[in-house]
Amino acid sequence: QVQLVESGGGLVQAGGSLRLSCAASGRTFSRYTMGWFRQAPGQEREFVAGISWSGSTIDYVDSVKGRFTISRDNAKNTVYLQMNSLKPEDTAVYYCAARSGMAVVTTRREYNYWGQGTQVTVSS
């Protein structure tokens with residue numbers, strides 16, 4: 001069982017930066033592949049970024065490549081999402097997710113555990 005708690009969301013102007021954090025409970029955090037998803041009002045929850053347990057495999061949705069960076073610190077049971085050059089279309093609730101499989105996947109149903117989400121709002 002893994003419990004996830006996101007933090008770091010907020011209101012930022014276009015072009016600004018935010019860093020989201022996701023703190024995980026449990027001693028087996030390092031065994032989980034981690035992902036960040038986001039959901040804008042009226043839209044489906046979409047994959048944003050994922051990272052394997054070792055950090056050796058990383059994937060991003062095309063719309064954030066070059067702007068967002070996912071990383072993890074297994075000693076701190078925490079995964080991060082550094083978001084730079086933010087755009088109004090990045091506005092959404094951002095969710096942290098964990099899956100017990102080794103592969104970084106983009107499908108929501110493949111993730112077993114979810115956080116409560118943190119709001120990110122980018123003003124133009």
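The model shown is predicted, which means the values in this text are computed figures rather than measured ones.
Not a single side-chain hydrogen bond (donor to acceptor under 3.5 Å, both in side chains) links Thr57 to another residue, sequence neighbours left out. Remark: Tyr60 pairs with no residue by the ring pair (Phe, Tyr, Trp, His ring centres under 6.0 Å) rule, at least two apart or across chains. Every residue two or more places apart in sequence or in another chain was checked for a side-chain hydrogen bond (donor to acceptor under 3.5 Å, both in side chains) with Ser85, and none qualifies. Residues that satisfy the ring pair (Phe, Tyr, Trp, His ring centres under 6.0 Å) test with Trp114, not counting sequence neighbours, are Phe37. By the side-chain contact (heavy atoms from CB on, under 4.5 Å) test, Val5 is found to be paired with Gln116, residues two or more places apart in sequence or in another chain being considered.
With hydrogens and angles disregarded, no donor-acceptor distance shorter than 3.5 Å links the side chain of Glu6 to the backbone of Thr118. Put simply, the side chain of Thr33 gets close to the backbone of Gly101: a donor and an acceptor are under 3.5 Å apart. With hydrogens and angles disregarded, no donor-acceptor distance shorter than 3.5 Å links the side chain of Arg45 to the backbone of Val93. Side-chain N or O atoms of Tyr111 include one that pairs as donor or acceptor with a backbone N or O of Val105 at under 3.5 Å. For the pair Asn74 (side chain) and Phe29 (backbone), a donor-acceptor distance under 3.5 Å is absent. A donor-acceptor pair under 3.5 Å is absent between the side-chain atoms of Thr121 and the main chain of Thr91, judged by distance alone. Side chain of Thr78 to main chain of Lys76: a donor-acceptor pair is present (N/O by atom type, distance under 3.5 Å, no hydrogens or angles).
Separation of atoms OG (Ser30) and CZ (Arg72) is listed at 7.0 Å; rounding is to 0.5 Å. Taken to the nearest 0.5 Å, the CZ atom of Phe47 stands 12.0 Å off from the CD atom of Glu110. Residue Ser123 holds its OG atom at 5.0 Å from CD of Gln13, rounded to the nearest 0.5 Å. The CD1 atom of Ile58 lies 8.0 Å from the OG1 atom of Thr69; values are rounded to the nearest 0.5 Å. Here the CD1-OH distance, from Ile70 to Tyr80, works out to 12.0 Å after rounding to the nearest 0.5 Å. With rounding to the nearest 0.5 Å, the separation of CZ in Arg19 from CG in Asn84 is 11.5 Å.
Sorted by first and then second residue, the pairs that involve residues 53-64 and meet salt bridge (charged side-chain N to carboxylate O under 4.0 Å, His left out), not counting sequence neighbours, are Asp62-Lys65.
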inquiry  = Applying side-chain contact (heavy atoms from CB on, under 4.5 Å) to Val79 and Trp36, what does each step give before you reach the verdict?
reply    = CA-CA 9 Å; Val79 62; Trp36 285 98; 4.0 Å; yes
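Nearest heavy-atom pair across Ser124 and Pro88 is CB-CG, 3.8 Å. Scanning all heavy atoms of the two residues, the minimum distance from Ser52 to Val104 falls at N-CG2, 3.5 Å.
Grouping the Ile, Leu, Val, Met, Phe, Trp and Tyr side chains by contacts below 4.5 angstrom, directly or via other members, places Val61 with Leu86.
For the pair Met34 and Leu4, the minimum side-chain heavy-atom distance is below 4.5 Å.
Between Tyr94 and Arg38, the side chains place a donor N or O and an acceptor N or O closer than 3.5 Å (distance only, hydrogens not considered).
The side chain to side chain contact (heavy atoms under 4.5 Å, CB included) test with Met83 singles out one residue from Leu20, Asp90, Val64, and that residue is Leu20.
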